[in-house]
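Scroll down for the structure; my scribbles are underneath it.
None of the values given here were measured: they were computed from a predicted structure. Throughout, protein chains are lettered first and strands after them, A, B, ... in sequence-line order, and every chain is numbered starting at 1.
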Number of protein chains: 2
Amino acid sequence: MASRTPAGPVTMEDVAREAGVSRAAVSKVIRDAHGVSAAMRERVTTAIATLGYRPNVSARGMRGATYTLGIEIPELANPFFPRLLAGVTAAVSASPYQLIVAPADPANVEGYRAIQALVDRQVDGVIAVSPLVEPAWLEALAATVPVVMLGRHDRASGYDTVANDDEAGTRQAMRHLIDLGHRDIAHLTCEETKTVPGSGVPQAIRLETYREVMRESGLDAHIRVVRTPTGEAGACRTATRLLTGPERPTAIFASHDEPALGVQRAIAEAGLTPMDVSVVGYDDIEIARHPGVSLTTVNQDGERIGRLAAELLLERIAGRTEPRQEIVRPELVVRSSTRPPP
Amino acid sequence: MASRTPAGPVTMEDVAREAGVSRAAVSKVIRDAHGVSAAMRERVTTAIATLGYRPNVSARGMRGATYTLGIEIPELANPFFPRLLAGVTAAVSASPYQLIVAPADPANVEGYRAIQALVDRQVDGVIAVSPLVEPAWLEALAATVPVVMLGRHDRASGYDTVANDDEAGTRQAMRHLIDLGHRDIAHLTCEETKTVPGSGVPQAIRLETYREVMRESGLDAHIRVVRTPTGEAGACRTATRLLTGPERPTAIFASHDEPALGVQRAIAEAGLTPMDVSVVGYDDIEIARHPGVSLTTVNQDGERIGRLAAELLLERIAGRTEPRQEIVRPELVVRSSTRPPP
DNA sequence: CTGAAAGCGCTAACAT
DNA sequence: ATGTTAGCGCTTTCAG
């Protein structure tokens, strides 16, 4: 099968010669620009197939589009992100665009480097999950290339955003715990640099909302915010300290599912059970429904968010300029990791 | 910070003018080719910084390298693959290369499209996890660009491979079950198209080895191979049929962890426990050690495999031509999902 | 050690 | 509807 043969050094020139037409004609056919007769399209298509021609994306990138969309993702190890990606992939697969992913390397979590790498490669559009990059930088970037940011709550003028309603989700989770009768509810979240108040970062909003709900419920005295490094293992260690220390909380609301899993492990390793300490997460990653995990959590429909982001990006590429901000409604999923306090 | 400003249309020409040198000089400095005086390097570097110059990768790609490495991955939803990626990322981060990921879209699992997309983009090297592409195609590809294949056991001449010893791993798993006293051991694996005997695909080797061990142990009559579509949910449905049907096996060896999680769920939903049916997986994904999952499985060190692959690729790019095939030794991790038969 | 000049493969005017 | 031509920004001989 010719189309399965890896590209040799076949150029558009070769195709033109084979088909007995000009390079411009070939160019028009492959971009299906209009102004080509059916006959010509036919001949060119045939020539492309017999020669196994593949357009050189670098060359295209120098004049027009690369037909490449880039997505920057901070940690693929957190299963929530692959879900986002699945949504984007699905939405893009029908388009003529190819998606490439730039993983932010751990040394540069903010994502500047990865996003820049994408732009350096002349992608036609960028989706990014970088809660920590500065809005001003993004505006400047968006002036260059269409941009959609995920999980951001800032009111941008040059780029689009898709986020879930972190306040509503957090309220549902906290309401659930309080309704069960919990009062000693701790919040496990990431380092302070990632939860700057007013930054619009999801974790920051969840934290603020946690505090608000506690206050509204007259539980000011029970507010307890615990910081932990990224990852399940770190969360487990931190939770172990919390659980074995004085005044063990009866419930822990984790900023997202990954650390929640670590908390569950800490609970088990401390010889405790969900009857002793309840846990709530955020995201509803697939494993949360596993019978041995059974984590109560807030579902954000990652695939939907990803799909939406891709659609917005495609719209932008097609020419839209008014910014759009989509907010997706999250939904609490109650499982057995939450019980009434002992 | 200048380097944090998104690239404007600053070209090498601009840098050359700013520094008062020729374009060629700038080119040499950014590639740090030799033949540049310290003074010149200094001036050029300064000019680059003040102008916020970013090399245009497309333009570079037309003559020389793109400093981009591509990795093709079939399903990011399976947590094993992000581990591979972490290894690759780590190994590459110190190099001048940028890594981009091309997710194989579900409609083209074999990965031809994604790999081709990478090559079309003039990457300087390719790592791929495509058990199903044909060796001949890969050889042709490898003649064009350095290639390292993951999980493949074929004896290639033009590209490198890194794989774990699937036979050894499977033998450890099966030995464990048999030593526990199991005789009715079923094997849950993927569709037949993915387990063609002699194909060298990991799943095929695990299947063959399962059969061998059963025969060697005089359990020919108990050989039972069950096919299931990709994903946890499908595995759960399939396992439910197996568990509720006649002659329930006392143990299930799943081709990898993802379906094993589905089996565990099926067991729980059928009102059974690990005391009734044992489960073994393959991969040792992070969640396997969660107390509620506690899956006995075969550890393949994904990060190590990824790191190795990246190192081999870098060697190839540096000029090595003799093929290398690395086999990584797997190791059984016993947890509580396996018990003696009832 | 440095600069001038020739393309790489393609697209986008502009002709025809 | 089709062909001609001028670059895009860079690397790479080849001179100086």
Side-chain angles (χ1 to χ4, degrees), chain A residues 7-45 47-48 51-68 96 98 119-124 144-145 317, chain B residues 7-45 47-48 51-68 96 98 119-124 144-145 317:
Chain A
V10 179
T11 82
M12 185 176 273
E13 177 78 52
D14 301 323
V15 176
R17 197 176 317 115
E18 169 85 13
V21 300
S22 72
R23 281 173 14 225
V26 178
S27 178
K28 280 180 183 163
V29 170
I30 67 174
R31 287 174 295 138
D32 63 351
H34 55 208
V36 270
S37 63
M40 161 146 297
R41 157 166 286 104
E42 166 66 16
R43 290 167 62 195
V44 170
T45 310
I48 287 176
L51 262 39
Y53 167 73
R54 306 281 320 178
N56 180 322
V57 176
S58 288
R60 301 181 96 173
M62 296 206 61
R63 301 305 263 119
T66 55
Y67 298 95
T68 307
Q98 168 68 33
V119 176
D120 288 347
R121 281 158 186 76
Q122 275 68 51
V123 294
D124 298 334
T144 311
V145 59
I317 291 175
Chain B
V10 179
T11 81
M12 186 176 271
E13 177 77 51
D14 299 324
V15 176
R17 198 177 314 116
E18 169 83 13
V21 300
S22 72
R23 285 175 8 228
V26 177
S27 177
K28 281 181 183 165
V29 169
I30 67 175
R31 286 175 295 138
D32 63 352
H34 55 207
V36 269
S37 64
M40 161 147 297
R41 158 167 285 105
E42 166 65 16
R43 291 167 60 193
V44 171
T45 310
I48 286 175
L51 262 39
Y53 168 72
R54 307 277 323 177
N56 179 321
V57 176
S58 288
R60 299 182 97 172
M62 296 205 60
R63 302 302 262 120
T66 55
Y67 298 96
T68 307
Q98 167 68 34
V119 175
D120 288 345
R121 281 158 186 75
Q122 274 68 50
V123 295
D124 298 333
T144 311
V145 58
I317 292 175

Quiz prompt | Point-to-point distance, once rounded to the nearest 0.5 Å, from CD of A/Gln122 to OG1 of A/Thr68 | solution = 10.0 Å

Practice problem: Ignoring backbone atoms, test whether A/Ser27 places a side-chain nitrogen or oxygen under 4.0 Å from the OP1 or OP2 oxygen of C/dT11. | Solution: yes

Quiz item: Within this structure, what is the CE-to-C1' distance between A/Met12 and C/dG7, rounded to whole angstrom?
Solution: 17 Å

Exercise. Please report, rounded to the nearest Å, how far the C1' atom of C/dA12 is from the CG atom of A/Asp32.
Key: 17 Å

Practice problem: Rounded to the nearest 0.5 Å, what's the gap from OH on B/Tyr53 to CD on B/Glu13? Could you check? | Solution: 11.0 Å

Exercise. Please state whether the phosphate of C/dC10, meaning OP1 or OP2, lies under 4.0 angstrom from any side-chain nitrogen or oxygen of A/Tyr67.
Key: no

Tabulate atom names and distances for all N/O pairs under 3.5 angstrom spanning the protein and nucleotides 2-5 of chain C.
unit_1 : atom_1 : unit_2  : atom_2 : d
C/dT2  : OP1    : B/Ser37 : OG     : 2.9
C/dT2  : OP2    : B/Ser37 : N      : 3.0
C/dT2  : OP2    : B/Ser37 : OG     : 3.2
C/dG3  : OP2    : B/Ser22 : N      : 3.1
C/dG3  : OP2    : B/Ser22 : OG     : 3.3

Practice problem: In whole angstrom, give the distance that lies between atom CD of A/Glu42 and atom C1' of D/dA1. | Solution: 17 Å

Practice problem: Could you tell me the separation between the CZ atom of B/Arg43 and the P atom of C/dC1, rounded to a whole number of Å? | Solution: 15 Å

Exercise. Describe, as an angle rounded to 10 degrees, how the axis at the first end of the helix from C/dC1-D/dG16 to C/dT16-D/dA1 is tilted relative to the axis at the last end, five pairs per end.
Key: 30°

Self-check item: A/Gln122 CD - C/dG9 P separation (whole Å)
Solution: 18 Å

Self-check item: Between C1' of D/dC10 and CD1 of B/Ile30, the distance in whole Å
Solution: 8 Å

Quiz item: Near DNA chain D, under 4.0 Å by heavy atom, which residues of residues 55-63 of chain B?
Solution: B/Pro55, B/Asn56, B/Ala59, B/Arg60, B/Met62, B/Arg63

Practice problem: Starting from C1' on D/dT11, measure out to CD on B/Glu13 and report it in whole angstrom. | Solution: 14 Å

Quiz item: Is the closest side-chain heavy-atom distance between A/Ile30 and A/Arg60 below 4.5 Å?
Solution: yes

Quiz item: A/Arg17 CZ to D/dT2 P: how many Å, rounded?
Solution: 20 Å

